[in-house]
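Order of listing sets the numbers, starting from 1, for every ligand and every atom in it. Note that the numbering runs from 1 along the sequence shown for the chain. Side-chain atoms are counted along with the backbone in the values below, which use heavy atoms only and exclude waters and symmetry mates.
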Amino acid sequence: MNLDEGVVLKPYTTFRCGGPAKYFAEPSSSEEIRELLSFAKEKGLPVLVLGLGSNMLIADNGFDGLVIRIGKNMSNISFEDTGDGYVEITAQAGASLASFGTRCAGEGLEGAEFCCGIPGTVGGAVFMNAGAYGREIKDIAVSAAYLLDGEVRTVSADECHFGYRKSIFEEMAGEGKDVVILSLKARLKKGDKDAIKAYVAELKAKRCASQPVDVPSAGSTFKRPEGYYAGALIEGSGLKGFALDDSGAQVSPKHAGFVVNNEGKASAADVMRLIRYIQDKVYEDSGVRLETEVRLIGGDGR
Ligand SMILES: Cc1cc2nc3c(=O)[nH]c(=O)nc-3n(C[C@H](O)[C@H](O)[C@H](O)COP(=O)(O)OP(=O)(O)OC[C@H]3O[C@@H](n4cnc5c(N)ncnc54)[C@H](O)[C@@H]3O)c2cc1C
């Protein structure tokens, strides 16, 4: 396993922002992750677990610690027919969620169609309880395996504290624990392959028609405030398509809930300035304080 220094993180996020990591590694096993965590502990370094970086805004001065990227080196997906009309799927955390969804559809399994258009890893999706079109990871999860304090543990879906874009792993990370999700076990019903594939195509078409999928972003910038839609509030404040300057940071003209980074030329500070502006303007106009869904790494997260 390589342990690299000074790796610029911008290419490792879909927002295309972010400075260097002091140390960076892409492990292939829980043993290697354990070694990395011991190394960080010895050196007193903070740890950032990175999936596909599709829900992160990393500051321009980067991350002064160890970035552990869980990606293609840990991306195996396996299927086990349980003989009762269901199949259990075990996906390593680094597998892409889209390929997980596509593989399940290809096997004629229903219920994971929503995964096909979400551009993260399985680990990031478990951490965030990612979801779309009325379904979330919690609806398909049986259990998750993770590494904490040098030990591999398993937690059932019920114990995962899944909520709107949150999980027990997000809680642990919030308490300063270095937790690394290793895999997800899901259970899906066998169904009609053609109908499942048609539904996947329908959801993809819906997403492409309504979201700026071809421009760098981290998806929905803000959480859905109770009783409202962030995009509608932003649009209501006249900010659809709005930019503060020509930095590249803009409220998407296609979907006001997405801040985009046109041509990937905006810095994290440019994006952050626009996020703060939106939060203040929407608050002024509607009394609702938008909270970021995008996780702010370094910089002035508030
Ligand atoms: C165009 C676009 C559309 C999107 N649409 C949706 C959508 O419809 N629904 C939705 O829910 N999200 C959506 N997102 C947001 C994003 O794709 C999801 O939140 C996704 O689950 C994040 O996965 P990731 O691997 O990229 O995580 P990252 O962004 O890398 O990380 C997110 C958080 O998870 C933690 N994490 C990641 N992997 C692990 C691991 N193995 N162990 C422990 N912690 C880990 C990180 O530390 C971080 O705190 C969209 C994003 C984009 C760019």
Side-chain angles (χ1 to χ4, degrees), residues 9 12-18 26-27 30 33 36-37 46-58 63 65-75 91-101 113-138 144-148 160 162-174 177-184 203-204 206-208 210-224 231 252 254-255 257-261 292-298 301:
L9 297 172
Y12 292 97
T13 74
T14 58
F15 235 146
R16 297 285 178 263
C17 292
E26 297 195 66
S30 53
I33 299 172
L36 288 166
L37 291 172
V47 172
L48 171 66
V49 185
L50 180 67
L52 196 82
S54 66
N55 201 41
M56 277 191 190
L57 178 61
I58 299 178
F63 185 74
L66 169 66
V67 172
I68 300 179
R69 184 171 191 245
I70 308 293
K72 62 179 183 331
N73 295 346
M74 295 184 72
S75 60
Q92 281 191 300
S96 102
L97 191 66
S99 62
F100 168 82
E113 298 88 342
F114 73 97
C115 295
C116 295
I118 303 179
T121 60
V122 165
V126 171
F127 186 96
M128 296 298 301
N129 184 27
Y133 303 110
R135 282 181 78 80
E136 303 172 317
I137 290 297
K138 82 165 170 30
Y146 64 101
L147 187 71
L148 182 70
C160 277
F162 285 129
Y164 174 60
R165 303 297 170 263
K166 55 186 183 197
S167 66
I168 195 167
F169 306 107
E170 192 244 355
E171 288 168 19
M172 289 186 205
K177 294 180 182 157
D178 293 329
V179 59
V180 183
I181 299 161
L182 300 172
S183 63
L184 166 74
L203 294 187
K204 273 192 186 159
K206 248 192 201 171
R207 190 180 279 275
C208 289
S210 62
Q211 296 182 2
V213 291
D214 48 356
V215 189
S217 81
S220 300
T221 312
F222 303 100
K223 289 185 182 156
R224 195 173 56 226
S252 166
K254 197 164 179 182
H255 190 312
F258 285 50
V259 168
V260 294
N261 180 4
T292 50
E293 175 170 322
V294 171
R295 298 183 64 86
L296 309 173
I297 309 296

Check: Arg16 side chain, Thr13 main-chain N or O, donor-acceptor pair, under 3.5 Å:
yes
Does Arg295 reach the main-chain N or O of Gly53 with its side chain, forming a donor-acceptor pair under 3.5 Å?
no
[atom] - nearest protein heavy atom and its distance:
{"atom": "atom 42 (N) of ligand 1", "result": "Ile181 N, 2.8 Å"}
{"atom": "atom 53 (C) of ligand 1", "result": "Gly219 N, 3.3 Å"}
{"atom": "atom 44 (N) of ligand 1", "result": "Phe127 CD1, 3.3 Å"}
{"atom": "atom 12 (N) of ligand 1", "result": "Ile118 CG2, 3.9 Å"}
{"atom": "atom 37 (C) of ligand 1", "result": "Gly124 CA, 3.5 Å"}
{"atom": "atom 25 (O) of ligand 1", "result": "Thr121 OG1, 2.6 Å"}
{"atom": "atom 4 (C) of ligand 1", "result": "Pro119 CD, 3.6 Å"}
{"atom": "atom 40 (C) of ligand 1", "result": "Val49 CG1, 3.5 Å"}

Atom pairs and distances, side-chain donor-acceptor, residues 215-222, under 3.5 Å, sequence neighbours left out:
from: Ser217; atom 1: OG; to: Gly219; atom 2: N; distance (Å): 3.0
from: Thr221; atom 1: OG1; to: Gly257; atom 2: O; distance (Å): 3.4
from: Thr221; atom 1: OG1; to: Val259; atom 2: N; distance (Å): 2.8

Within this structure, what is the [atom1]-[atom2] distance for the pair [X] and [Y], rounded to the nearest 0.5 Å?
{"X": "Leu57", "Y": "Phe15", "atom1": "CG", "atom2": "CZ", "value": "5.5 Å"}
{"X": "Cys160", "Y": "Lys166", "atom1": "SG", "atom2": "NZ", "value": "14.5 Å"}
{"X": "Asn261", "Y": "Ser252", "atom1": "CG", "atom2": "OG", "value": "12.5 Å"}
{"X": "Met74", "Y": "Ser30", "atom1": "CE", "atom2": "OG", "value": "6.0 Å"}

What part of [X], side chain from CB on, backbone N/CA/C/O, both or neither, has a heavy atom under 4.0 Å from ligand 1?
{"X": "Ala218", "value": "backbone"}
{"X": "Asn55", "value": "both"}
{"X": "Val179", "value": "backbone"}

Is any side-chain heavy atom of [X] closer than 4.5 Å to a side-chain heavy atom of [Y]?
{"X": "Leu37", "Y": "Ile68", "result": "yes"}
{"X": "Cys116", "Y": "Leu203", "result": "no"}
{"X": "Glu113", "Y": "Tyr133", "result": "no"}
{"X": "Ile70", "Y": "Val180", "result": "yes"}
{"X": "Met172", "Y": "Leu148", "result": "yes"}

Does [X] come within less than 4.0 angstrom of ligand 1, counting non-hydrogen atoms of the residue?
{"X": "Arg207", "answer": "yes"}
{"X": "Glu170", "answer": "no"}
{"X": "Val180", "answer": "yes"}

Can you tell which of [options] gets a heavy atom nearest to [atom]?
{"atom": "atom 18 (C) of ligand 1", "options": "Ser54, Pro216, Ala125", "value": "Ser54"}
{"atom": "atom 9 (N) of ligand 1", "options": "Ala130, Ala132, Gly131, Ser167", "value": "Gly131"}
{"atom": "atom 48 (C) of ligand 1", "options": "Met56, Gln92, His255", "value": "Met56"}

Below 3.5 Å, N or O to N or O, backbone or side chain included: is there any such pair between [X] and ligand 1?
{"X": "Gly117", "answer": "no"}
{"X": "Leu50", "answer": "no"}
{"X": "Arg295", "answer": "yes"}
{"X": "Ser217", "answer": "no"}

Please tabulate, for the side chains in residues 117-129, all donor-acceptor contacts under 3.5 angstrom to protein atoms that are two or more places apart in sequence or on a different chain.
from: Thr121; atom 1: OG1; to: Gly124; atom 2: N; distance (Å): 3.0
from: Asn129; atom 1: OD1; to: Ile137; atom 2: N; distance (Å): 3.2
from: Asn129; atom 1: OD1; to: Lys138; atom 2: N; distance (Å): 3.0
from: Asn129; atom 1: ND2; to: Glu136; atom 2: OE1; distance (Å): 3.4
from: Asn129; atom 1: ND2; to: Gly163; atom 2: O; distance (Å): 2.8

A student checking ligand 1 against Thr14 at a 4.0 Å heavy-atom cut-off should list atoms 53 (C)
State the atoms of ligand 1, each with its element, that fall below the 4.0 Å cut-off from a heavy-atom position in Arg165.
11 (O)
Within 45° cone of Tyr12 ring axis and under 6.0 Å: Arg69 NZ or CZ:
no
